[in-house]
J.: 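Dropping a structure here in structure tokens format, bear with me for questions.
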Number of protein chains: 2
Amino acid sequence: MRVRLEDVARAASVSPKTVSRVLNDEANVSDATRQRVRAAMEAMDYRPLPSARSLAGNRSFLVAMLYDNNDNPASTYLAEIQDGVLEACDSHRYSMMMRPLRMRGDDFVRRLDALIADHHPDGVVLTPPITDYAPLLKRLRERGIPYASVSPMSRADNIGVHMDEQLASRTMVEHLLALGHRRIAHVSGISDHGASGWRLAGYREAMAAAGLAEDPALVVQGAFTFASGVAAARQLFALKQRPTAVFAANDDMASGVMWAAHEAGLRVPQDLSVGGFDDIPLASQLWPALTTIRQPSREMGRMAALQLLEVLRGRGDAQMMQMPFSLEVRDSTAPVA
Amino acid sequence: MRVRLEDVARAASVSPKTVSRVLNDEANVSDATRQRVRAAMEAMDYRPLPSARSLAGNRSFLVAMLYDNNDNPASTYLAEIQDGVLEACDSHRYSMMMRPLRMRGDDFVRRLDALIADHHPDGVVLTPPITDYAPLLKRLRERGIPYASVSPMSRADNIGVHMDEQLASRTMVEHLLALGHRRIAHVSGISDHGASGWRLAGYREAMAAAGLAEDPALVVQGAFTFASGVAAARQLFALKQRPTAVFAANDDMASGVMWAAHEAGLRVPQDLSVGGFDDIPLASQLWPALTTIRQPSREMGRMAALQLLEVLRGRGDAQMMQMPFSLEVRDSTAPVA
DNA sequence: GACACAGATGACAGCGCTGTCAATGCGCAA
DNA sequence: TTGCGCATTGACAGCGCTGTCATCTGTGTC
């Protein structure tokens with residue numbers, strides 16, 4: 001019925017072990033033999049049985065993608081990363097599994113242990129904001145489970161992908177400054193997300209470089225959600241001197257700001273310019289279409305997973321890769337009135 | 001190091017086979033023994049090794065969720081279903097795997113075969129629109145792989161979940177009729193999606209019930225995407241007698257209609273009412289917030305997976321479940337001017 | 001009291017691979 | 001020519017479970 005490794009071995013006139021060697025790209029197989037075995041595998045359409053490989057070889061060929069489903073409201077951003085990770089895993093015949101893990105809550109590490117005990121992933125892809133949660137990283141190291149991170153806070157001792165969020169953020173603010181805005185507000189994200197800090201830092205950097213003293217009233221704390229964007233904007237609009245532009249730390253909050261602007265009867269971009277970050281599909285579907293920072297989420301997921309797979313496959317050359325961003329100027333920003 | 005089944009057996013003074021029976025909820029174990037074994041498993045925090053179970057038992061404890069990533073542009077709808085499926089699988093200690101499968105393209109069935117050969121899922125969850133692709137279903141039956149569907153076209157001989165989309169659609173149109181609208185347009189979805197047909201049928205049913213003859217110019221074909229919604233709306237707005245209300249077959253297209261309305265200088269809802277379908281997060285983030293049909297996607301994914309798991313676990317009582325919908329009246333619909 | 005029978009339990013082999021280690025063959029130096 | 005070392009290959013056991021089948025026990029029947 002099913003073609004087994006033994007069948008391939010017989011067809012290629014070698015021992016099962018040799019077929020196993022070829023299958024796993026091990027050294028010490030002559031080229032002639034290797035080719036013969038490959039041909040036999042091909043001809044018979046041989047597919048190794050994952051469970052047998054795992055049991056005997058003590059690895060699972062499984063990559064788990066960890067995400068926080070608490071601070072990430074049904075995020076398109078995550079879906080895109082997932083898509084990239086899946087593609088990378090597929091290309092190396094690894095399987096991929098999603099693991100929601102709430103960062104709030106003390107059973108965080110316990111849930112990680114359960115994941116390991118139940119599924120034995122060979123490696124793990126970490127997505128924001130759990131790229132930087134120390135107890136988690138510590139446990140992964142203890143267990144000897146390699147991981148790659150998407151946009152981690154610290155780049156040292158870490159593989160995965162990374163974007164210069166601070167520069168991206170600064171670029172957005174400079175765009176607003178170039179349009180003549182001076183009273184530029186910032187709606188920041190949840191404080192323990194690395195992204196929040198960088199984006200805020202980029203905002204401050206640009207403002208300072210323009211010689212503008214920081215007005216604390218113009219920096220409002222949000223939570224990366226639409227609702228928090230609405231709330232932050234209402235607060236900003238209530239100021240005696242309201243901002244002429246708002247830069248929100250992600251698109252969901254930016255859409256909240258636009259919503260609140262409509263509510264307050266402010267026209268975007270005539271009365272208020274709005275900038276976002278991420279370029280999720282929503283950004284182009286808003287009216288007016290949102291000016292934002294585009295990050296290649298799918299590609300970031302893919303590259304992070306590929307870095308991880310390099311490690312899993314015993315190649316040593318994995319690293320932290322820098323990914324490009326771009327400023328997408330659309331219709332939500334305009335010269336100050 | 002790791003606790004094996006044999007260790008539990010020793011602790012409970014029974015044979016390994018008996019522990020296996022308890023683990024798999026098999027019959028013919030006395031209650032006393034069962035409890036003793038359960039206690040031992042608990043005390044030792046025993047976790048069966050999936051690969052060993054799979055290898056010996058010839059099943060994978062794996063459920064694959066199939067989706068079409070061609071017609072579903074990074075859809076939040078799918079992400080929600082996935083979340084529900086994942087929860088259900090977790091609760092029964094099954095693992096879950098995502099499989100994108102392009103319906104267009106002739107290698108469709110071949111890719112399914114590859115999935116089976118490579119991963120051996122015990123069962124499959126089908127999401128729209130691949131719930132009704134005959135060659136796929138045929139192959140799954142041939143291979144003896146049970147499947148459950150989310151919103152399949154045909155409910156016969158099928159397990160999973162289902163919503164009365166036609167009634168939901170009719171409810172939306174009746175809402176518009178009740179507001180006094182008569183020239184109500186419909187932007188339909190891709191024709192080989194079951195949902196498109198039902199939603200169109202519900203529209204027609206409501207219009208006919210209101211005694212309105214169908215105006216073919218008011219029914220425009222879309223493709224479930226934002227861009228197709230924009231295009232359809234432009235076409236509708238160009239009509240000598242433009243509609244006073246548009247019901248789009250999903251929220252992405254509805255957001256496209258609103259976008260085009262803004263573009264054309266039409267105020268929503270004063271000059272044009274707009275209705276959608278799905279209630280994705282976007283719906284509440286638009287200005288004005290979109291009136292739409294809410295379907296419990298997450299719950300639908302969860303229930304469909306649970307039905308499938310009943311079959312996989314040998315219970316015979318799986319079925320096609322009807323899920324409720326609700327009309328979410330927000331700010332994009334108003335009485336006709 | 002003898003027998004049949006169903007429920008409860010265990011012995012044992014084996015699922016399809018890989019790790020370990022031994023065996024083989026070959027080139028090259030002395 | 002002999003011997004040594006390295007590259008190549010294979011024999012064999014075993015990973016941690018479950019399927020099959022045999023065995024044992026207690027109960028009901030006549």
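Just so we're on the same page: letters track the sequence lines, and every chain starts at 1. Note that the structure is predicted; figures quoted are calculated from it, not measured.
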J.: Would you say B:S30 reaches C:dT9's phosphate, i.e. side-chain N/O to OP1/OP2 under 4.0 Å?
T.: yes

J.: If you compare every side-chain N and O of A:Y46 against the phosphate oxygens of C:dC17 (OP1, OP2), does one of them come in below 4.0 Å?
T.: yes

J.: Expressed in angstrom and rounded to an integer, what is the separation of A:L55 atom CG from D:dA13 atom P?
T.: 17 Å

J.: Give a yes/no on whether any side-chain N or O of B:R2 is located under 4.0 angstrom from OP1 or OP2 of D:dG16.
T.: no

J.: Rounded to the nearest Å, what distance is computed from the CZ atom of residue B:R36 to the C1' atom of nucleotide C:dG10?
T.: 14 Å

J.: Measure CG/B:N28 against C1'/D:dG26 and give the value in whole Å, please.
T.: 14 Å

J.: In whole Å, what is the span from the CG atom of A:L49 to the P atom of C:dC15?
T.: 12 Å

J.: Considering heavy-atom distances to DNA chain C, does B:T18 or A:L5 have its closest nucleotide positioned more toward the 5' end?
T.: B:T18

J.: Does A:T33 put a side-chain nitrogen or oxygen below 4.0 Å from OP1 or OP2 of D:dT8?
T.: no

J.: Do A:S51 and A:S54 have side-chain N/O donor and acceptor atoms under 3.5 Å apart?
T.: no

J.: Tell me whether the OP1 or OP2 atom of C:dT18 has a side-chain N or O from A:N24 closer than 4.0 Å.
T.: yes

J.: For A:Y46 and A:R4, test the side chains for any donor-to-acceptor distance below 3.5 angstrom and give the result as yes or no.
T.: no

J.: For B:E42, I'd like to know if atom CD has over 12 heavy atoms of other residues, nucleotides or ligands within 6.0 Å.
T.: no

J.: C:dA8 C1' sits how many Å from B:Q35 CD, rounded?
T.: 16 Å

J.: Does A:N58, at its CG atom, have more than 12 non-hydrogen atoms belonging to other residues, nucleotides or ligands within less than 6.0 Å?
T.: no

J.: Rounded to the nearest angstrom, tell me the gap between atom CZ in B:R34 and atom P in C:dG7.
T.: 14 Å

J.: Applying salt bridge (charged side-chain N to carboxylate O under 4.0 Å, His left out), name anything that partners A:R47, two or more places apart in sequence or on another chain.
T.: A:D45, B:D118

J.: In whole Å, what is the span from the CZ atom of A:F61 to the C1' atom of C:dT18?
T.: 10 Å

J.: How would you summarise protein contacts on nucleotides 19-26 of chain C per nucleotide, using B for base, S for sugar-phosphate only and - for none, with heavy-atom distances below 4.0 Å?
T.: BB------

J.: Rounded at 0.5 Å granularity, tell me how far OG1 in B:T76 sits from CD1 in B:I81.
T.: 11.0 Å

J.: Check whether more than 12 heavy atoms from other residues, nucleotides or ligands sit under 6.0 Å from atom CD of A:E142, and answer yes or no.
T.: yes

J.: How many Å lie between CG on B:N58 and P on D:dT20, as a whole number?
T.: 11 Å

